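Following this message is one structure expressed as structure tokens.
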Amino acid sequence: MDINTGSANLAAEIRLLVGRLARRLRQQAAAGLTPSQLSALASVGDLEPVQLGYLARVEAVAPPTLTRAVARLEGQFLVRRRPDPSDGRVVLVETTAAGRRALRDLRQARVAFLAERLDTLTDDDRLTVARAVAVLGQLLSGPA
């Protein structure tokens with residue numbers, strides 16, 4: 001890529017590469033879950049215990065869609081629902097031990113996939129990737 005081709009072209013290349021990378025990572029050890037179920041499970045793991053309504057907002061899906069995804073995860077014993085102790089009308093969702101294991105295994109598989117690919121690079125290329133990661137991180141820390 002020629003640095004003089006412009007920010008729009010570079011942005012398009014980054015978008016395409018990140019999309020492809022995300023797709024490849026989603027294919028790693030998906031444990032039979034759909035991408036939306038994996039996303040919901042990861043969000044529950046990060047936010048637990050979490051109210052269903054808040055989880056729907058975080059996942060940017062309609063509450064009925066999220067309720068169905070949680071029901072499927074619950075059917076696979078990856079999450080459980082329980083009443084909110086401060087308001088019995090509200091349901092909280094949290095991961096089970098099996099859900100935490102599934103998330104850990106998935107994350108390890110994805111890291112192993114990337115590490116295997118990185119191991120094929122030269123030291124100089126890995127250093128370039130490390131620098132690029134730092135710079136890409138700066139893109140995310142700027143104003144939205």
Side-chain angles (χ1 to χ4, degrees), residues 1 6-144:
M1 162 109 209
S7 294
N9 288 341
L10 181 57
E13 287 191 34
I14 291 170
R15 182 201 55 78
L16 183 61
L17 179 64
V18 168
R20 287 178 177 164
L21 179 59
R23 186 171 46 255
R24 291 289 301 270
L25 289 174
R26 281 192 304 268
Q27 294 169 348
Q28 300 304 308
L33 299 174
T34 67
S36 60
Q37 290 168 346
L38 281 172
S39 180
L41 179 61
S43 291
V44 170
D46 291 341
L47 302 169
E48 68 185 331
V50 60
Q51 293 181 2
L52 282 172
Y54 182 71
L55 185 59
R57 287 190 299 278
V58 167
E59 290 294 304
V61 298
T65 301
L66 189 276
T67 299
R68 283 190 299 274
V70 168
R72 288 186 200 105
L73 294 171
E74 192 174 29
Q76 294 178 341
F77 306 102
L78 299 174
V79 300
R80 71 176 146 258
R81 300 179 212 211
R82 64 175 172 86
D84 185 331
S86 64
D87 184 348
R89 299 168 297 169
V90 175
V91 173
L92 297 175
V93 182
E94 59 193 8
T95 57
T96 63
R100 288 186 294 279
R101 273 193 309 278
L103 284 171
R104 182 196 65 229
D105 292 349
L106 174 66
R107 289 170 177 154
Q108 287 175 346
R110 289 176 175 179
V111 167
F113 169 81
L114 285 174
E116 181 180 299
R117 298 308 186 281
L118 288 168
D119 285 344
T120 68
L121 301 177
T122 65
D123 290 344
D124 286 341
D125 284 346
R126 276 194 301 277
L127 183 58
T128 299
V129 170
R131 288 180 180 146
V133 167
V135 172
L136 288 170
Q138 291 174 12
L139 290 176
L140 294 175
S141 65

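None of these values were measured; they are calculated from a predicted model. Every heavy atom of this structure was used, including side-chain atoms; hydrogens, water molecules and symmetry mates were not.
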- Query: Are Ile14 and Leu136 close enough that some pair of their side-chain heavy atoms sits under 4.5 Å apart?
  - Reply: yes
- Message: Donor-acceptor pair, distance only, cut-off 3.5 Å: does the side chain of Arg110 make one with the backbone of Leu25?
- Response: yes
- Item | Exercise: identify the closest heavy-atom pair between Leu118 and Arg126 |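 Nearest pair, atom of Leu118 first, then Arg126: O-NH1, 3.2 Å.
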- Message: I want to check something: taking the side chain as every heavy atom from C-beta on, are Val129 and Asp125 in contact at a cut-off of under 4.5 Å?
- Response: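 They are not in contact (no side-chain heavy atoms under 4.5 Å apart), so the answer is no.
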- Which pair of heavy atoms, one from Val58 and one from Ser43, lies closest together, and at what distance? CG1-OG, 4.0 Å
- Query: Is the shortest heavy-atom distance from the side chain of Arg23 to the side chain of Gln27 under 4.5 Å?
  - Reply: yes
- Message: Can a donor-acceptor pair be found, under 3.5 Å and without considering hydrogens, that links the side chain of Thr128 to the backbone of Asp124?
- Response: yes
- Item | Sidechain-backbone polar pair: Thr96 side chain, Phe77 backbone, donor-acceptor under 3.5 Å | yes
- How close do Asp84 and Leu92 get, heavy atom to heavy atom, and via which atoms?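 Residues Asp84 and Leu92, closest heavy atoms: CA-CD1, 3.7 Å.
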- How about Leu17 and Glu13: do any of their side-chain heavy atoms sit closer than 4.5 Å?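 Heavy-atom side-chain distance check fails, nothing below 4.5 Å.
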- Could you tell me which non-hydrogen atom of Ala40 sits nearest to which non-hydrogen atom of Leu73, and how far apart they are?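 Shortest heavy-atom separation between Ala40 and Leu73 comes out as CB-CD1, 4.1 Å.
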- More than 12 non-hydrogen atoms from neighbouring residues, nucleotides or ligands closer than 6.0 Å to OH on Tyr54, yes or no?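 Atom OH in Tyr54 is not crowded, with 12 or fewer foreign heavy atoms closer than 6.0 Å.
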- If we only count heavy atoms from C-beta on, is the Arg72 to Thr34 side-chain gap below 4.5 Å?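 A side-chain contact under 4.5 Å is absent here.
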- Message: Give me the atom names and distance for the closest heavy-atom approach of Arg81 to Val93.
- Response: CG-CG2, 4.3 Å
- Query: Tell me, do Arg107 and Leu103 make a side-chain contact under 4.5 Å, heavy atoms counted?
  - Reply: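 The answer is yes; the side chains approach within 4.5 Å.
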- Message: Within the structure provided, determine whether Arg26 and Leu38 are in side-chain contact (heavy-atom separation under 4.5 Å).
- Response: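 Of all side-chain heavy-atom pairs linking Leu38 with Arg26, none is under 4.5 Å.
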- CZ/Arg82: more than 12 non-hydrogen atoms of other groups inside 6.0 Å: yes
- Item | Closest contact, heavy atoms only, Gln37 versus Gly32 |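 Shortest heavy-atom contact: OE1-O, 4.5 Å.
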- Any Leu21 side-chain heavy atom under 4.5 Å of Leu114 side chain: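 The answer is yes, as the side chains (C-beta and beyond) meet within the 4.5 Å cut-off.
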